Amino acid sequence: MVDMRAFQDAVTNWATGGPDGPARDLAESLGARTAVLLEGLSDFAAVEALAARHGRDLAAEGVCVVPMGGAMSVGRYAGLLGPPGLGLRLVGLCDEGEKGFFQRGLERSQAPLQDIYVCTADLEDELIRALGTAGVEEVFRAEGDFRAWQSFQRQPAQHGRPRHQQMRRFLGTKKGRKIRYGRLLVEALAPDRTPPPLDGLLVSL
């Protein structure tokens, strides 16, 4: 896992103007075969948690999960990791609103478009619908966030909004909360309630 983290770091450094040598060397030594392109760290936390629940060691399987820091970076990462660069198979998970960035990025890198898994709104939306609002509240309670959640609901801007939408907004109100709950909500899911985009992505790897 440490070596795959090093590969992730080398890829990020390469994508931001650093040398390509470290990423190429690590890709070869690790037997990297697939790169999973994700918008951010909350998606990364969710995918790692899902793989662990299914007993998958993605690093040992030659799969590198790459949080890109935003969907607009997908063209750059796809070019470096896909056929024009390291020649890895590319798989993507994205929000509905960012689908166009992923399609264009994968098209330019000559990667199959069927390997993009799209969340209806975003990953948090998928997880809340899969777990149910009552189930999400149980996770808030277990994590000591239930009182903060109740206070958030009382804010004037939240009056009249569906609880589902309130929860999505709540997860983004504190730095690091979306990342933490990306893992926690996946871990709370029943085995047969994995959101289709996440399930499809894992099965494809």
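Remember, it's a predicted structure, so these values are computed and weren't measured experimentally.
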Exercise. Under a 4.5 Å side-chain heavy-atom rule over Ile, Leu, Val, Met, Phe, Trp and Tyr, are Leu205 and Leu93 clustered together?
Worked result: yes

Problem set entry | Salt-bridge criterion met for Asp9 and Arg5 (N-O under 4.0 Å) | no

Problem set entry | Residues Glu138, Arg141: salt bridge by 4.0 Å N-O rule | yes

Exercise. Out of curiosity, does Ile128 fall in the hydrophobic cluster containing Phe152 (side-chain heavy atoms, cut-off under 4.5 Å, transitive links)?
Worked result: yes

Problem set entry | Under 3.5 Å donor-acceptor, Ser73 side chain and Gly69 backbone | no

Exercise. Rounded to the nearest 0.5 Å, how far apart are NZ of Lys174 and CZ of Arg180?
Worked result: 6.5 Å

Problem set entry | Pairwise distance OH(Tyr117) to CZ(Phe102) - rounded to 0.5 angstrom | 13.5 Å

For this session: Could you tell me whether Glu48 and Arg183 make a salt bridge, using a distance below 4.0 angstrom between a side-chain N and a carboxylate O?
Result: no

For this session: Quick one: sort the Phe140 and Trp149 rings into parallel, tilted or perpendicular, breaks at 30° and 60°.
Result: tilted

For this session: Please say whether more than 12 non-hydrogen atoms of neighbouring residues, nucleotides or ligands are located less than 6.0 Å from CD in Gln114.
Result: yes

For this session: Keeping the roles fixed (side chain from Arg53, backbone from Val186), state whether a donor-acceptor pair exists under 3.5 Å.
Result: yes

Exercise. Just by distance, do the side chain of Glu39 and the backbone of Asp95 share a donor-acceptor pair under 3.5 Å?
Worked result: yes

Problem set entry | Note: Arg193-Asp199 ion pair, threshold 4.0 Å (strictly below) | no

For this session: Flag yes if Leu113 and Leu90 sit in one hydrophobic cluster, no otherwise; membership is Ile, Leu, Val, Met, Phe, Trp, Tyr, and two members link when side-chain heavy atoms are under 4.5 Å apart.
Result: yes

